[in-house]
Amino acid sequence: MRSLWLRTWPSATEYCFREEQGDAIIQTTTYRSNHLARSVIWFSPYEHTAIHPSITAPFPRVSNTAIGSLGRLPLELLHDVLLCLDIYSLFKFRQVSLRSRQLVDFIREYQIVVSHGLNLLCALMRTKLSTHTLLLDIYDVLCTKECTICGSFGGFIFLFTQTRCCYQCLHTVFEFEVESLDAAKEQFHLTKAALKQLKSFRNLPETYSIRESTYTPRVRVVSAFQAYLLGGQPDEEIQVEPAPKRNRELNSMGSCALPYYDRRTGEVEHGMSCAGCQIAYEKRVIGLWGEDWIFTFRDKIYAKDDFLEHFRLCRQAQLLWDSSLFARSLV
């Protein structure tokens, strides 16, 4: 990737700035890539308005009612048990009584997940994958920053395996490929026993891909990689078609955006895109129009520290900063 960068539009020398200028540089030269988040499974924040209080706030009154044999367990052990419940069972347990609701609401990991991963929870419930996903697994992936494939900021999660990934890997790596169940059965020669082990769901009628094309047909989709493993294929190198020929709409149906939660500081990062790269794309500064690697830079999402390193070499972002009122006021 670095060699690709060096042959495009870097600045001649590394740009130097003071540490205290970092936040202002980010505010001036970045933007939130909402179009990428909406290209996968996405729910409007307005849909969360009525849901959020009901799953986060405990009732004001205290209950001393016992919860059966579970009440004999020490509180710390009971919390550990609840952490290992799948999301569907956890919500069912929370609805049993006032006491069970309080027990769930007092779990720190639960509060963090419902506060910052509500979009993911809705996706899991709508796709019925919530029965396969543990609360602890969601918390762990929420606190994971990097894409499991390339190590860059992972702003997305692959629902079938609860795996962090970046936008580029989501659409180019076989581990995140989504296929229709019918096509997977034919391609990987799946037996009835294999089909019983394979996670699947009917796709949600959403707007997928950056082109904002609404995909209305309801088909049952699966992870192509999981189907490959269950199909007992020979252990050989997997041949993946180039990205332009891949069905990106299908891949988008198996993922959603997920912010990063820093357990140490409590800060939440949704990731940011470089406004300089967007300007370079619009002005055709970075190569021939339509080349695939151009979109790789334009659609890349950075964490704060990663972006500041990128900024040192991105000439268009530097020009944007130098011309800003922020830069002049901090001189």
Side-chain angles (χ1 to χ4, degrees), residues 1-2 4-5 19 22-27 29-42 83 87 107-124 129 133-176 223 225 251-252 254-278 295-314 317:
M1 180 62 71
R2 183 168 176 81
L4 187 65
W5 166 260
E19 183 178 352
D23 289 341
I25 289 174
I26 288 174
Q27 185 175 347
T29 61
T30 66
Y31 65 97
R32 281 278 298 276
S33 301
N34 292 326
H35 67 292
L36 297 182
R38 295 184 183 187
S39 70
V40 292
I41 296 177
W42 177 83
L83 276 173
I87 294 301
I107 299 175
R108 176 177 174 271
E109 292 84 351
Y110 172 79
Q111 287 295 334
I112 292 173
V113 166
V114 296
S115 295
H116 306 298
L118 192 52
N119 201 61
L120 170 59
L121 291 178
C122 289
L124 291 172
L129 291 178
T133 310
L134 308 185
L135 173 63
L136 185 59
D137 290 340
I138 294 184
Y139 176 74
D140 285 341
V141 76
L142 184 65
C143 298
T144 301
K145 187 177 184 180
E146 296 85 8
C147 171
T148 55
I149 300 297
C150 68
S152 61
F153 181 79
F156 299 84
I157 178 172
F158 188 61
L159 298 180
F160 287 102
T161 56
Q162 294 86 54
T163 306
R164 275 277 186 186
C165 59
C166 65
Y167 187 79
Q168 285 73 30
C169 289
L170 175 64
H171 292 294
T172 57
V173 176
F174 182 62
E175 281 82 347
F176 303 129
S223 163
F225 183 67
N251 281 22
S252 298
S255 62
C256 71
L258 184 70
Y260 160 66
Y261 176 82
D262 191 323
R263 330 177 186 228
R264 185 178 59 85
T265 65
E267 294 183 356
V268 177
E269 286 194 51
H270 293 267
M272 59 195 71
S273 294
C274 177
C277 290
Q278 177 65 30
F295 301 103
T296 299
F297 283 112
R298 186 200 65 174
D299 296 336
K300 187 172 179 61
I301 301 176
Y302 300 89
K304 290 182 179 179
D305 50 352
D306 295 331
F307 174 76
L308 291 176
E309 288 302 311
H310 166 82
F311 173 79
R312 294 181 185 277
L313 291 174
C314 182

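Nothing here was measured: the structure is a model prediction, and the numbers come from that model.
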Quiz prompt | M272 side, atom CE; F153 side, atom CZ - distance, nearest 0.5 Å | solution = 8.0 Å
Quiz item: With distance as the sole test, does D299 use its side chain to make a donor-acceptor pair with the main-chain N or O of Q168 at under 3.5 Å?
Solution: no
Practice problem: Using the six-membered ring wherever Trp is involved, compare the ring planes of Y167 and F156 and label them parallel, tilted or perpendicular (cut-offs 30° and 60°). | Solution: tilted
Quiz item: What pairs with Y139 under side-chain hydrogen bond (donor to acceptor under 3.5 Å, both in side chains), at least two apart in sequence or on another chain?
Solution: R108
Quiz prompt | F158 to C165 - nearest heavy-atom pair and separation | solution = N-SG, 4.4 Å
Quiz item: Can you name the residues that form a side-chain hydrogen bond (donor to acceptor under 3.5 Å, both in side chains) with S273, not counting sequence neighbours?
Solution: S33
Quiz item: Considering all heavy atoms of both residues, which atom of L170 and which atom of S255 are nearest to each other, and what is their separation?
Solution: CD2-OG, 3.3 Å
Quiz prompt | Inter-residue atom distance R38.CZ - H35.NE2, 0.5 Å rounding | solution = 11.0 Å
Quiz item: Hey, are the side chains of Q162 and L134 touching, using non-hydrogen atoms and a 4.5 Å cut-off?
Solution: no
Quiz prompt | Any L142 side-chain heavy atom under 4.5 Å of L120 side chain | solution = no
Quiz item: Do the non-hydrogen side-chain atoms of I41 and L159 ever get within less than 4.5 Å of each other?
Solution: yes
Quiz item: Are any of the side-chain heavy atoms of I157 and C256 separated by less than 4.5 Å?
Solution: yes
Quiz item: Is there side-chain contact between F225 and V173, with at least one heavy-atom pair below 4.5 Å?
Solution: no
Quiz item: Are F176 and I149 close enough that some pair of their side-chain heavy atoms sits under 4.5 Å apart?
Solution: yes
Exercise. Nearest 0.5 Å please: distance from the CG atom of L124 over to the CD1 atom of I87.
Key: 7.0 Å
Quiz item: Above 12 or not: heavy atoms from other molecules or residues under 6.0 Å from CG of D23?
Solution: no
Practice problem: List the steps and the verdict of side chain to side chain contact (heavy atoms under 4.5 Å, CB included) for F307 and T29. | Solution: CA-CA 10 Å; F307 174 76; T29 61; 3.2 Å; yes
Quiz item: Does the pair D306/K145 count as a salt bridge with the N-to-O cut at 4.0 Å?
Solution: no
Quiz item: Roughly how far, to the nearest 0.5 Å, is CD1 of I112 from CD1 of I138?
Solution: 13.0 Å
Exercise. Without swapping roles, check the side chain of E269 against the backbone of K304 for a donor-acceptor pair under 3.5 Å.
Key: yes
Self-check item: Side-chain donor or acceptor of S252 paired with backbone N/O of S39 under 3.5 Å
Solution: yes
Quiz item: Any donor-acceptor pair under 3.5 Å linking the side chain of T148 with the backbone of R164?
Solution: yes
Quiz item: For the residue pair P259 and H116, what are the closest heavy atoms and their distance?
Solution: CG-O, 3.2 Å
Quiz item: Is there side-chain contact between T163 and E175, with heavy atoms separated by less than 4.5 Å?
Solution: no
Quiz item: If you round to the nearest 0.5 Å, how far is OH of Y261 from OG1 of T144?
Solution: 13.5 Å
Practice problem: Could you check if a side-chain atom of C166 sits within less than 4.5 angstrom of a side-chain atom of K300, using non-hydrogen atoms only? | Solution: no
